[in-house]
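Here's the structure, in structure tokens; my notes come after.
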Amino acid sequence: QRACVLYLPAGIYRITNTLHTSRKNHTDNMVTIVGEAPEKVILLWDGPQDGTMLQWDAWYAKISRITFDGQARAGTCLLYGPSFSTYNETSDLVFRNAKHGIVFGTPDSAGQAENEVLRCRFYGCDTAIQTVNWNSMDIWVWYCHFEDCGRGIHNVMGNWHAWHNRFIRSRISDVSIANLMVFSVVNNTSVGSRCFLDFSTGHTWGAPTSITGNRVLDPTGDWAMALDNAGPYLIVDNEFRL
């Protein structure tokens, strides 16, 4: 099928049930959804408590320049899956007031690999970004802003890489890891969060992690980073103000 673009002009779009794309063939949905501007295009959740706003079953696709407002009711703003996908761009989106901003896969669906999250902003989400499938890997989060979230970026399964992001007042942690894989945390800034990096899950060995060039200012918890025995860790050129 030929690629296509869905353009959303300025407006507030009220959603009362989950929007979703449906793939019949493996490489269907090589599409783009783009809004006029994230400040002008708002998807407003008015559906059931803990519902999903958009289930994005896409492949080599792009979604950009839209605001997802969960109104403290949505469970997930943007859910990738259930089919396997790769090479998706998620850029210049705003997520606010939801339990989860972006979720890559579920335990009983296929993985989502080699995807980028670029210049997105997250406000008041319990978990802004999380990977929830063993094959949701190489999720690259670049130049994003996280403010007043519970967790910024979290691994349930799979893995992520966090580069050049800004975290403000995370209630639990800016980035956290629950399972083994390969991670990099590079050139991020954290201000007033409880914890910058939490890898205190009790795993031993098997998660090479690079923690380099980060600036961590005034963490409010007992430690700026918690690292168990998972490693090996490379910790170089970080700045901590405690």
Side-chain angles (χ1 to χ4, degrees), residues 4-21 29 31-58 61-81 85 88-105 112 115-132 139-154 160 162-172 174-175 188-189 191 193:
C4 60
V5 175
L6 172 62
Y7 175 74
L8 298 179
I12 298 175
Y13 298 81
R14 176 173 168 264
I15 301 173
T16 59
N17 211 336
T18 302
L19 303 175
H20 62 88
T21 58
N29 290 348
V31 300
T32 292
I33 297 179
V34 60
E36 182 175 329
E39 296 79 13
K40 297 180 179 180
V41 179
I42 300 173
L43 303 185
L44 196 67
W45 182 246
D46 199 16
Q49 186 72 35
D50 297 331
T52 296
M53 296 180 67
L54 174 61
Q55 183 163 353
W56 186 224
D57 197 8
K62 174 180 177 179
I63 181 167
S64 187
R65 299 173 62 82
I66 298 168
T67 288
F68 289 79
D69 190 339
Q71 295 206 103
R73 293 177 55 84
T76 300
C77 293
L78 180 60
L79 173 62
Y80 272 87
S85 75
N88 289 309
E89 176 184 324
T90 309
S91 61
D92 300 301
L93 300 176
V94 176
F95 301 88
R96 62 189 185 211
N97 303 324
K99 286 187 176 179
H100 309 296
I102 306 175
V103 176
F104 288 97
Q112 313 295 316
N115 293 309
E116 72 169 350
V117 181
L118 178 64
R119 296 184 306 270
C120 291
R121 290 172 281 160
F122 302 83
Y123 302 94
C125 297
D126 289 350
T127 304
I129 301 172
Q130 62 179 354
T131 58
V132 195
I139 305 301
W140 291 86
V141 184
W142 287 323
Y143 301 102
C144 291
H145 178 90
F146 303 82
E147 188 169 328
D148 295 321
C149 295
R151 300 178 188 269
I153 308 171
H154 181 60
W160 46 258
W163 288 51
H164 304 288
N165 302 292
R166 182 171 57 242
F167 302 91
I168 310 294
R169 297 184 299 273
S170 298
R171 297 188 302 275
I172 301 173
D174 298 327
V175 297
N188 301 282
T189 298
V191 180
S193 296

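None of the values given here were measured: they were computed from a predicted structure.
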Self-check item: Heavy-atom closest pair, residues Lys99 and Asp50
Solution: NZ-OD1, 2.9 Å

Exercise. Report the distance from atom NZ of Lys62 to atom CD of Glu116, rounding to the nearest 0.5 Å.
Key: 9.0 Å

Quiz item: Of all residues at least two apart in sequence or in a different chain, which pass the salt bridge (Lys or Arg N to Asp or Glu O under 4.0 Å) check with Arg119?
Solution: Asp92

Self-check item: Crowding at OH, Tyr7 (>12 non-hydrogen neighbours, <6.0 Å)
Solution: yes

Self-check item: Nearest heavy atoms of Cys77 and Gly101, plus distance in Å
Solution: CB-O, 3.3 Å

Quiz item: Given Phe68, which of Trp56, Tyr13, Phe122, Phe95 fulfils the ring-ring contact (aromatic ring centres under 6.0 Å, His included) condition?
Solution: Phe95

Self-check item: Approximate separation, where rounding is to 0.5 Å, of Ile33 CD1 and Leu6 CG
Solution: 5.5 Å

Quiz item: With a 4.5 Å heavy-atom cut-off, do Leu118 and Trp140 have their side chains touching?
Solution: no

Quiz prompt | pair Ile63-Tyr80: side-chain heavy atoms closer than 4.5 Å | solution = yes

Quiz item: Does the Gln55 side chain pair with the main chain of Leu79, one donor and one acceptor, at a distance under 3.5 Å?
Solution: no

Quiz item: Any chance CG of Leu19 has more than 12 other-residue heavy atoms, nucleotides or ligands included, within less than 6.0 Å?
Solution: yes

Quiz prompt | Nearest heavy-atom neighbours spanning Asn97 and Cys125 | solution = N-SG, 4.4 Å

Quiz item: Once you round to the nearest 0.5 Å, how far does CG of Asp148 lie from OG of Ser170?
Solution: 8.5 Å

Quiz prompt | Arg169, CZ atom: more than 12 neighbouring heavy atoms under 6.0 Å | solution = yes

Quiz prompt | Minimum heavy-atom distance between Cys120 and Thr90, given as atom pair plus value | solution = SG-O, 3.6 Å

Quiz item: Quick one: does Asp57's side chain get under 4.5 Å of His20's, heavy atoms only?
Solution: no

Exercise. May I ask you to test the Arg171-Asp126 pair for a side-chain heavy-atom distance under 4.5 Å?
Key: yes

Quiz item: Of all heavy-atom pairs between Gly152 and Ala128, which one has the smallest distance, and what is that distance?
Solution: O-CB, 3.2 Å

Exercise. Tell me, please, which residues at least two apart from Ala72 pass side chain to side chain contact (heavy atoms under 4.5 Å, CB included).
Key: none

Practice problem: Determine yes or no for a side-chain-to-main-chain donor-acceptor pair under 3.5 angstrom, with Thr18 supplying the side chain and Thr52 the backbone. | Solution: yes

Quiz prompt | Min side-chain heavy-atom separation Tyr123-His145 under 4.5 Å | solution = yes

Exercise. Calculate, to the nearest 0.5 Å, the distance between atoms CD1 and OG1 belonging to Ile102 and Thr131 respectively.
Key: 12.0 Å

Practice problem: Could you grab the distance from atom CG of Leu54 to atom CG of Leu93, nearest 0.5 Å is fine? | Solution: 10.0 Å

Practice problem: Taking the side chain as every heavy atom from C-beta outward, state whether Ile42 and Arg96 have any atom pair closer than 4.5 Å. | Solution: yes

Quiz prompt | Shortest non-hydrogen contact between Asn165 and Tyr143, atoms and distance | solution = OD1-N, 3.2 Å

Quiz item: Would you call Glu36 and Arg65 a salt bridge, taking side-chain N to carboxylate O under 4.0 Å as the test?
Solution: no

Self-check item: Ala162 backbone acceptor or donor facing Asn188 side chain under 3.5 Å
Solution: yes

Exercise. Would you please name every residue forming a side chain to side chain donor-acceptor pair (under 3.5 Å) with Asn115, sequence neighbours left out?
Key: Asn88

Quiz item: Has His164 got more than 12 heavy atoms of other residues, nucleotides or ligands less than 6.0 Å from its NE2?
Solution: yes

Exercise. Take Phe104 and Val117 through the test side-chain contact (heavy atoms from CB on, under 4.5 Å) and record every step on the way to the result.
Key: CA-CA 11 Å; Phe104 288 97; Val117 181; 3.8 Å; yes

Quiz item: Got a donor-acceptor contact below 3.5 angstrom from the Arg73 side chain to the Gly47 backbone?
Solution: yes

Quiz item: Quick one: does Thr32's side chain have a donor or acceptor within less than 3.5 Å of a partner on Val5's backbone?
Solution: no

Quiz item: How many angstroms lie between atom CE of Met53 and atom CG of Leu78, to the nearest 0.5 angstrom?
Solution: 9.5 Å

